[in-house]
Number of protein chains: 2
Amino acid sequence: MLSNEQKQLVEKIGLMHESEGLSPAVARVLGLLLVSDKVELTFDEIRETLNLSKSATSNALNIAIKLDRVEYVTKPGDRKRYFKSRIELWREHIMDGFCKKCSWSKMFEEVLKHRTKETKDFNKAIKDFVNFLEYMGKELPKLYKEWENKTK
Amino acid sequence: MLSNEQKQLVEKIGLMHESEGLSPAVARVLGLLLVSDKVELTFDEIRETLNLSKSATSNALNIAIKLDRVEYVTKPGDRKRYFKSRIELWREHIMDGFCKKCSWSKMFEEVLKHRTKETKDFNKAIKDFVNFLEYMGKELPKLYKEWENKTK
DNA sequence: TTTTTAGTTCTCCTTTTGCAGAACTAAAAA
DNA sequence: TTTTTAGTTCTGCAAAAGGAGAACTAAAAA
């Protein structure tokens, strides 16, 4: 099903995803669905290729689906589900991740509001960070839109 | 040592950090060092305020230091270490995180190189994503420099 | 020299995570 | 109606994470 090179790539992509906090099984499923020659794979193809149990496969797929990393399609006269990567959403996921970080500014503002006013330098450093996050929170969506315009 | 409001804030900041993959103890230490009226706290002040064991405190501080989230200063004629948040580095940490994501483009290019050429649409979607990451990888440092210029 | 201080490291325990395997389910096929 | 298919859910286990407490260490103080 997979060449040795492909297997290695699945592992490598898996590690990339594990570094994001996903479990090995989910991480490998995402890897497989990027690397496999077939874009759409069935439950059992995934299970067999990755040597997972049914439960692990089921859970991994459902987690990936809930995370909007995977979807499935069905075909007339076939009751299998065909799972595939939602690669088109990845750039939104990336941007969402960025924007989530920027929204930390709220928390740091709250910190500032409750801090003693004695520690001028430290408070200033926090304020600078808040400003930075707010700046990024405004500029990143612009950047995203610019890219969208450029590519359509 | 901490007001109730401050304690709650420490927990809230803690959760924020846990969502980044840090353990509760490290997460709370980082929270405490942002919220505490004193900017510099000793080992035992941290330990007592957070109700941690010595080992947990030691490990948490060393992890935070290795992550460049915390540093310590010493004072003449005093052998305690005074730990403090490296808040000034946070915006670099944020940018590093962003740039790390953008460097995923390499991995996806490798995927593309090994993929079958049959799946045109899917490969195109990957290529689009690679382009997007590369675009961000170029524009984000610019944005950062712009902000630096604006604020100095 | 002995004692104290400021932490570090080791051992142990509890909780959580990740997965296997088996039992189960609902729809379709025979 | 019974059987097969395509999964899901439950039970249980093994490994890893997180942290407590005690033993340890190195430098400073007495």
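A, B, ... follow the sequence lines: proteins, then strands. Residue 1 opens every chain.
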(request) Would you grab the first and last nucleotide of DNA chain D (5' to 3') that comes under 4.0 Å of any non-hydrogen atom in chain B? (result) D:dG18 to D:dA28

(request) Check each residue of residues 58-83 of chain B for a non-hydrogen atom within less than 4.0 Å of any atom in DNA chain D, then write out the ones that pass by number, or none. (result) B:R79

(message) Classify the ring geometry of B:F132 against B:F129: parallel below 30°, tilted from 30° to 60°, perpendicular beyond 60°.
(response) parallel

(request) Identify whether the distance between the nearest side-chain nitrogen and carboxylate oxygen of A:D96 and A:K100 falls below 4.0 Å. (result) no

(message) Strictly by salt bridge (charged side-chain N to carboxylate O under 4.0 Å, His left out), give each pair with a member in residues 10-25 of chain A just once, sequence neighbours left out.
(response) A:E11-A:R28, A:K12-B:E110, A:E20-B:K101

(request) Would you sketch DNA chain C in dot-bracket for me? Only Watson-Crick or G-U wobble pairs with both distances under 3.5 Å count, crossing pairs as [ ], other-strand pairs as |, the rest as dots. (result) ||||||||||||||||||||||||||||||

(request) Check salt bridge (Lys or Arg N to Asp or Glu O under 4.0 Å) between A:E134 and all other residues, then give those that pass, not counting sequence neighbours. (result) none

(request) State which residues pass salt bridge (Lys or Arg N to Asp or Glu O under 4.0 Å) with A:K145; sequence neighbours excluded, sorted by chain then number. (result) none

(message) Going by side-chain contact (heavy atoms from CB on, under 4.5 Å), name the residues that satisfy it together with B:N59, two or more places apart in sequence or in a different chain.
(response) none

(request) Could you name each residue pair satisfying ring pair (Phe, Tyr, Trp, His ring centres under 6.0 Å) that touches residues 9-44 of chain A, not counting sequence neighbours? (result) A:H17-A:W90

(message) Show every salt bridge (charged side-chain N to carboxylate O under 4.0 Å, His left out) that has at least one partner inside residues 56-75 of chain A, sequence neighbours left out.
(response) A:E40-A:K75, A:D68-A:R86, A:E71-A:R86

(message) What residues from residues 18-48 of chain B pass a heavy-atom cutoff of under 4.0 Å to DNA chain D?
(response) B:S23, B:P24, B:A25

(message) Taking salt bridge (charged side-chain N to carboxylate O under 4.0 Å, His left out) as the cut-off, I'd like each qualifying pair that reaches into residues 46-63 of chain B, sequence neighbours left out, listed once.
(response) B:D44-B:R47

(request) State which residues pass side-chain contact (heavy atoms from CB on, under 4.5 Å) with A:A125; sequence neighbours excluded, sorted by chain then number. (result) B:I87

(request) Quick one: pull up CG in A:L89 and CD in A:E92 and give me the separation to the nearest 0.5 Å. (result) 5.5 Å

(request) Verify, without hydrogens or angle tests, whether A:S36 (side chain) and A:L32 (backbone) share a donor-acceptor contact under 3.5 angstrom. (result) no

